[in-house]
Structure formats: structure tokens, C-alpha cells
Participant: 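Quick one: the structure is below, and I'll ask about it shortly.
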Amino acid sequence: MARRYDCNDATDRKTGLREAASAVRRGELVVLPTDTLYGIGADAFSAEAVGDLLAAKGRGRNMPTPVLIGSPNTLHGLVTDFSEQAWELVDAFWPGALTLVARHQPSLAWDLGETRGTVAVRMPLHPVAIELLTEVGPMAVSSANLSGHPAPEDCDAAREMLGDSVSVYLDGGPTPGIQPSSIVDVTGKVPVLLREGALTAEQLREVVPDLEVAP
């Protein structure tokens, strides 16, 4: 039976974060608020848990799961060939609504789907998410909806779709943002905007003027 915790209540939040961390370590799924939309998350290094996440959403391996982290310093152990421009984007927009697609360390023992050697990584600007990520480490997190359905802006919508496939729901109230993160590919010589979301191309070009926009 799924458990739900009100993160606007100090006692419930403390209990919920403890229970969510325990669930992640057991390879179970949790729903957490972020600064954009609610996400469904699992231990990024548990292939079985990531498989359960994709199954809960009805999503195939051809759409790999992004990874959320609690600190930019975590990037050092996850990515390789990370350019100076990529670090400038991190400095300017993290924590926040920017997802970076980078080459991951080949030594990492994870299976996020068909990533072709890359990982989509972000540090969210939400205290509940950051506290959980700081406790458990990198998490595979995707929007907390069934594939093809609208991404949820509150915990009720997430629970209605995902039900008992999730062990713990962390309810942080309505999310402050209604747009998904913007996605920038930093695997090449020039950053490429793959999806414009909460951050526009103009905002990103203030930091990396040669940013290109994917057709």
C-alpha cells in the first residue's frame, strides 16, 4: 500500500523523507516534487528499479530516464568530456530547470535505457527533492505520469495515474512551475537546445552565445 506524506508539515516531511530514502535503497519507486513537475524516481544504479519505473509509466527503453542529482559536484563522478561551456551553464542555471545531455563515465554500472553512452542530468530547485537526493545519491527520475498523459502538477494527479506502483508519495503541494525543463545537448563542440521549456534559447544564449537550436 502506497504511503503519502505532507511535506508542508515539518513532522510529516521528516518522516516522509526518511521513508522515501529507505524505499529508494530497497529498489522501490517514489514520487517527489520538483521545481517543474512531479517526478517518479528510483535508484539510478538499480537496473531493476529503473525497469520498474519504465513499466509503471508504460514507457519503453527507447526513452531513457533522466537523472537528478543534489549537487553539481556529483557531476564529476557521472560525466566525462564535460566542456567549459557546459560548466558555465551549470553555474548559471543550477539548481533549476535545465537538463544537460552529457557523455557518462563508461565505468558506471547503470542501465537507464538506450542512452547510447549519454545521460540527461539535472539538479532541481526544490528543497524536498534536493534533501532526498543528498541522502540517497543520483536518482533516475521521469515525470510522474503514464506515458501519453499530461505531466502532473500536484501529488493527487500523480497518485491517480500511478497508484500502488509507487511506495512513497512526497506531497509538496502544487509545483511552482508548469513547464518542463529545457534540454541542452553538451556532447559536441557547440551546445544544442533539444527542447525549449522553462528556459528560452535567448536566456541560454546569454551564457553560451553560440547555442544552436535543434530542428
Participant: Which of these passes salt bridge (charged side-chain N to carboxylate O under 4.0 Å, His left out) with E135: R25, K14, R18?
Facilitator: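 Going through the options one by one, the only one that passes is R25.
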Participant: According to a hydrophobic-cluster definition based on side-chain heavy atoms being under 4.5 Å apart (Ile, Leu, Val, Met, Phe, Trp, Tyr only), do V186 and V207 belong together?
Facilitator: yes
Participant: Main chain of N145, side chain of K57: is a donor-acceptor contact present, judged purely on distance under 3.5 Å?
Facilitator: yes
Participant: Should V190 and L100 be counted in the same cluster of Ile, Leu, Val, Met, Phe, Trp and Tyr side chains packed under 4.5 Å apart?
Facilitator: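 Looking at the clustering, L100 is in a separate group from V190.
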Participant: Among D111, V141, V119, L54, which residue meets the side chain to side chain contact (heavy atoms under 4.5 Å, CB included) test with T65?
Facilitator: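 By the side chain to side chain contact (heavy atoms under 4.5 Å, CB included) criterion, T65 pairs with just one of D111, V141, V119, L54: L54.
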Participant: Write down the atom of A42, the atom of V24, and the distance for their closest heavy-atom approach.
Facilitator: C-CG1, 4.4 Å
Participant: Mind checking whether Y5 and L29 sit in one hydrophobic cluster, side chains of I, L, V, M, F, W, Y counted as touching below 4.5 Å?
Facilitator: no
Participant: Over all heavy atoms of both residues, which pair between A144 and M161 is shortest? Give the atoms and the distance, please.
Facilitator: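 Heavy atoms of A144 and M161 come nearest at O-CE, 3.8 Å.
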Participant: So L193 and I183, side chain to side chain contact (heavy atoms under 4.5 Å, CB included) or not? Walk me through it.
Facilitator: CA-CA 6 Å; L193 179 61; I183 303 176; 5.9 Å; no
Participant: Taking atom CG of L125 and atom CG of L98, what is their separation to the nearest 0.5 Å?
Facilitator: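 Interatomic distance, L125 CG to L98 CG, rounded to 0.5 Å: 12.5 Å.
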Participant: Using 0.5 Å steps for rounding, measure from the CG atom of L162 to the CG atom of L146.
Facilitator: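 One gets 5.5 Å once the value is rounded to the nearest 0.5 Å.
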Participant: Could you tell me if the side chain of H104 sits less than 4.5 Å from the side chain of T118, heavy atoms only?
Facilitator: no
Participant: Kindly indicate whether the side chain of V184, heavy atoms from C-beta on, has any atom under 4.5 Å from the side chain of L194.
Facilitator: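 No, every pair of side-chain atoms sits at 4.5 Å or beyond.
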Participant: Should the pair R159-D171 be classified as a salt bridge under the 4.0 Å nitrogen-to-oxygen rule?
Facilitator: no
Participant: Nearest 0.5 Å, what's the CG-CZ distance between L112 and R61?
Facilitator: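 Going from the CG atom of L112 to the CZ atom of R61 covers 9.0 Å.
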Participant: Any idea which heavy atoms bring A158 and V31 closest together, and the distance?
Facilitator: CB-CG1, 4.1 Å
Participant: Would you call the rings of F45 and W110 parallel, tilted or perpendicular, where under 30° means parallel and over 60° means perpendicular?
Facilitator: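 It falls in the parallel class, under 30°.
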Participant: Report, one line per pair, each donor and acceptor closer than 3.5 Å where one atom sits in a side chain of residues 75-90; sequence neighbours left out.
Facilitator:
from: S83; atom 1: OG; to: A86; atom 2: N; distance (Å): 3.1
from: Q85; atom 1: NE2; to: D210; atom 2: OD1; distance (Å): 2.7
from: Q85; atom 1: NE2; to: D210; atom 2: OD2; distance (Å): 3.2

Participant: Distance check, rounded to the nearest 0.5 Å: L32 atom CG versus C7 atom SG?
Facilitator: 9.0 Å
Participant: Starting at OG1 of T34, measure out to CG of L132 and round the result to the nearest 0.5 Å.
Facilitator: 12.5 Å
Participant: Looking only at non-hydrogen atoms, find the nearest pair between A23 and S167 and report the distance.
Facilitator: CB-CB, 4.3 Å
Participant: Examine L17 and M139 and state if one hydrophobic cluster contains both, with Ile, Leu, Val, Met, Phe, Trp and Tyr joined whenever side-chain heavy atoms are less than 4.5 Å apart.
Facilitator: yes
Participant: Return the set of residues passing ring-ring contact (aromatic ring centres under 6.0 Å, His included) with H149 (not counting sequence neighbours), or none when no residue passes.
Facilitator: none
Participant: Do the side-chain N and O atoms of T15 and R3 include a donor-acceptor pair separated by under 3.5 angstrom?
Facilitator: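 No, no side-chain donor-acceptor contact under 3.5 Å.
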Participant: Atom CG in L199, atom CG in L204: separation rounded to 0.5 Å?
Facilitator: 5.5 Å
Participant: Have T36 and S181 got a donor and an acceptor in their side chains that come within less than 3.5 Å?
Facilitator: no
Participant: So which atom in T99 and which in R122 form the shortest heavy-atom distance, rounded to 0.1 Å?
Facilitator: OG1-CD, 3.3 Å
Participant: Any carboxylate oxygen within less than 4.0 angstrom of a Lys/Arg side-chain nitrogen, looking at R4 and D12?
Facilitator: no
Participant: Kindly work out whether a path of hydrophobic side-chain contacts (I/L/V/M/F/W/Y, heavy atoms less than 4.5 Å apart) joins L68 to V168.
Facilitator: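 Yes; V168 is reachable from L68 via cluster members.
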Participant: Determine the minimum heavy-atom distance between Y169 and A2, stating which atoms define it.
Facilitator: CE1-CB, 3.7 Å
